[in-house]
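Numbers restart at 1 for each chain; the letters A, B, ... are given by sequence-line order, proteins then strands. What you see is a predicted model; the values in this text were computed from it and never measured.
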Protein chains: 2
Amino acid sequence: MARHHVTSRDVAERAGVSRTTVSFVLNDVEGTKISDETRQRVLAAAKELGYVPHAAAQVLAGQRTRTIGLAFPRAPHHLPTHFFLLQVMDGLLRVVQQHGLRLLIDSPDDGRSARSYLNLVRAKRIDGLIMLDPRSDDRALRGLAEDGFPLVLIGDLPGGDISSVDVDNRAAARNAVEHLLSCGHRRIACITNAPLSSYTATEERLLGYRDALEAAGIAYDDALVRYGAYTPQSGFNCMTGLLNDVRLLPTAAFVASDVVAFGAMSAIQRRDLRVPEDIALVGFDDVPLARFVNPALTTVRLPATEQGRLAGKLLLELILNQLEVSRRILLDTELIVRASSVPG
Amino acid sequence: MARHHVTSRDVAERAGVSRTTVSFVLNDVEGTKISDETRQRVLAAAKELGYVPHAAAQVLAGQRTRTIGLAFPRAPHHLPTHFFLLQVMDGLLRVVQQHGLRLLIDSPDDGRSARSYLNLVRAKRIDGLIMLDPRSDDRALRGLAEDGFPLVLIGDLPGGDISSVDVDNRAAARNAVEHLLSCGHRRIACITNAPLSSYTATEERLLGYRDALEAAGIAYDDALVRYGAYTPQSGFNCMTGLLNDVRLLPTAAFVASDVVAFGAMSAIQRRDLRVPEDIALVGFDDVPLARFVNPALTTVRLPATEQGRLAGKLLLELILNQLEVSRRILLDTELIVRASSVPG
DNA sequence: ATACCGTACTAACGCGCGTTAGTCAAGGTT
DNA sequence: AACCTTGACTAACGCGCGTTAGTACGGTAT
């Protein structure tokens, strides 16, 4: 079977009409008069032949690609526990499928060449782009937006004027740390979700931590801050480092990522210390496993799926309505208190 | 900026040559004589204009799309904890990037219309397809393979003759249960990773469980088998069900998915029972968090990343070499014994 | 009988590219 | 002097589609 791709010409011949008519019928073109009988003939012929328009030809002939891109930086070892990506995809895929779109993934190494998404745009492969965790030093991204290319960020890029769906990381982190403070903790460590690179979220969460301390009149201590790197192992290592220095020994830790927090929790328990009695723990993200670990993890719930869904809808508006106004959506977070911060 | 897409004609004019020459130079076409001086002029012109070939036009004129598809069924609530997908993507993205390919995601609802991937193929949008967890009742998939369309499965489709990268689920499960038996357990429950649908892995793992029991001369008890559904919550519920019936009370459980096992573990601990002293637990997958939970989870390590990588390479061979022989790769699994099955 | 109009269709172009089948001049052979 | 080569290019076609600018024709209005 399937030797020769069935083209609209084949359909036309079979229906005894011109290719133009086939196109008019199949695309339901407004303002064209086609007799009902002819229309049925064309429809029947198309069905019988199993006609599927050649995507590339459709695109070339000056239509939309009906494809959107999802770009995310790929830091080493990040992907295998990238819950956030999964949840975003979950929300996004729903929108994409609903509108008959296709999703093209672009995930460059987190190196210099981190702009392969540009090629997608330049080669006209996608109608719009959703960018996860944009780098603040990404100039090309701002250029794209200025050129009016449909672009939605999940995360933030300060200073630009780009549509985005984000949360207030700083306030959320502050709130989480204030919870620990209200439990009476004074020596509170911080383990970040990632190295202080060019991603803003990490920095914002760290700032929120400092905000809370400052408001409580507690001096910021550099030695209590450790830099995780996406993985549980990194959290394990950071926490082990903290535990090794007895002078530091915190009574609580704010970990800016649940996945990293799982590692930290493990490190504590390996030392036969208890969570939360010896060290209380608060995470960030509320990944689906947070309530099932032992003890259940107190954390900041992020509306990840919703971010994906909204980013998709927003992008669609940008693509269709050509509305050049950029819209920034800020979603709410919620502190979910569980057993890792308050003793049962 | 960027008003008019820069075409090869623009490059040709700027370099003072024909479009054909531009194409020859940029594509390094064998067997064409282009003077080095001309070549440099073309290269310079292309660079200066920022020329990027129009993807759709290339596809239409040439043959390759330089895009491959990744399809996976999307069961409700599965995606947010779909570690396996992430790891497969991790491996696959590496290959894809290395070869300058693009990845198109297709994830239909797990309903009847689960064959939207067919449209990708028919519309000539992809050169090849990788299918995660194929449904055994998917006739179209076999049809594709028979037509010689490059197709690689991750998971298995019995009876067909399709290239695949898989593990021996049955043997792995049996091995896991034998480990519990060797620890002296006789009443061993089983919680599956998913409902007994049309996915073979679930069934295989259940068969492995039965194999082990049978070999040990233990009668199979239907009441000890519960059906999870991808999520930790489902594991929690299944285990709660087991614990509620005192007559059943197992001393160990084989859970055919780490994620589900996390939920089961949580259910046990909520009852103030201990793992492994009261109930020993073995999972399946060795997700990156398995060693960081409390207690660390004994589990079957799956080479998920490697499956993704190999599937990519295999697909590439099918696309390039046109080798019509289908290859089935079976990778090894490994039982990783941790604290959830053997008391520290 | 002529002009006019709406209905039902179609010829032909262009999207941007890869590629085949050339052209043309310069030098080499018999 | 007539006939190949060979090197360096180019004209032109076709990929499959959407779409613009028509054509043909039966039926009214003048």
For B:T20 and B:S23, run side-chain hydrogen bond (donor to acceptor under 3.5 Å, both in side chains): C-alpha distance rounded to whole Å, both residues' side-chain angles, the deciding distance at 0.1 Å, then the answer. CA-CA 5 Å; B:T20 307; B:S23 177; over 6 Å; no
Please name the pair of heavy atoms, one in [X] and one in [Y], separated by the smallest distance, quoted to 0.1 Å.
| X | Y | result |
| --- | --- | --- |
| A:L318 | A:P150 | CB-CB, 4.0 Å |
| A:L86 | B:L79 | CD1-O, 3.3 Å |
| B:A45 | B:A15 | CB-CB, 4.0 Å |
| B:Q87 | B:A304 | CB-CB, 3.6 Å |
| B:M131 | B:L141 | CG-CD2, 4.1 Å |

For the residue pair A:Y230 and A:H78, categorise the inter-ring angle as parallel (less than 30°), tilted (30 to 60°) or perpendicular (more than 60°). parallel
Stretch residues 44-56 of chain B: residues that reach within less than 4.0 Å of DNA chain C through a heavy atom: B:Y51, B:P53, B:H54
Of all nucleotides in DNA chain D that come within under 4.0 Å of a heavy atom of chain A, which is furthest toward the 5' end and which toward the 3' end? D:dG16 to D:dT20
Checking all strands, does [X] fall into the base, sugar-phosphate, or nothing category for heavy-atom contacts under 4.0 angstrom?
| X | value |
| --- | --- |
| A:V59 | nothing |
| A:V29 | nothing |
| B:S8 | sugar-phosphate |
| A:T7 | sugar-phosphate |

Side chains of A:L70 and A:D106, heavy atoms from C-beta outward: is any pair under 4.5 Å? no
Which residues in residues 32-40 of chain A have a heavy atom closer than 4.0 Å to any atom of DNA chain D? none
Taken to the nearest whole Å, CZ/A:R41 to C1'/C:dA8 is 12 Å
One should read off an interatomic distance between A:R328 CZ and A:S164 OG, to the nearest 0.5 angstrom, of 4.5 Å
Considering the options B:L157, B:D161, B:D147, which one meets the side chain to side chain contact (heavy atoms under 4.5 Å, CB included) requirement together with B:R142? B:L157
Could you please spell out the steps behind the side-chain hydrogen bond (donor to acceptor under 3.5 Å, both in side chains) verdict for A:S107 and A:R74? CA-CA 6 Å; A:S107 175; A:R74 194 149 51 91; 3.1 Å; yes
Comparing nearest nucleotides in DNA chain D, the 5'-proximal residue of the pair B:T21, B:A57 is B:T21
Closest-nucleotide ordering on DNA chain D, the 5'-leading residue of B:V17 and A:F24: B:V17
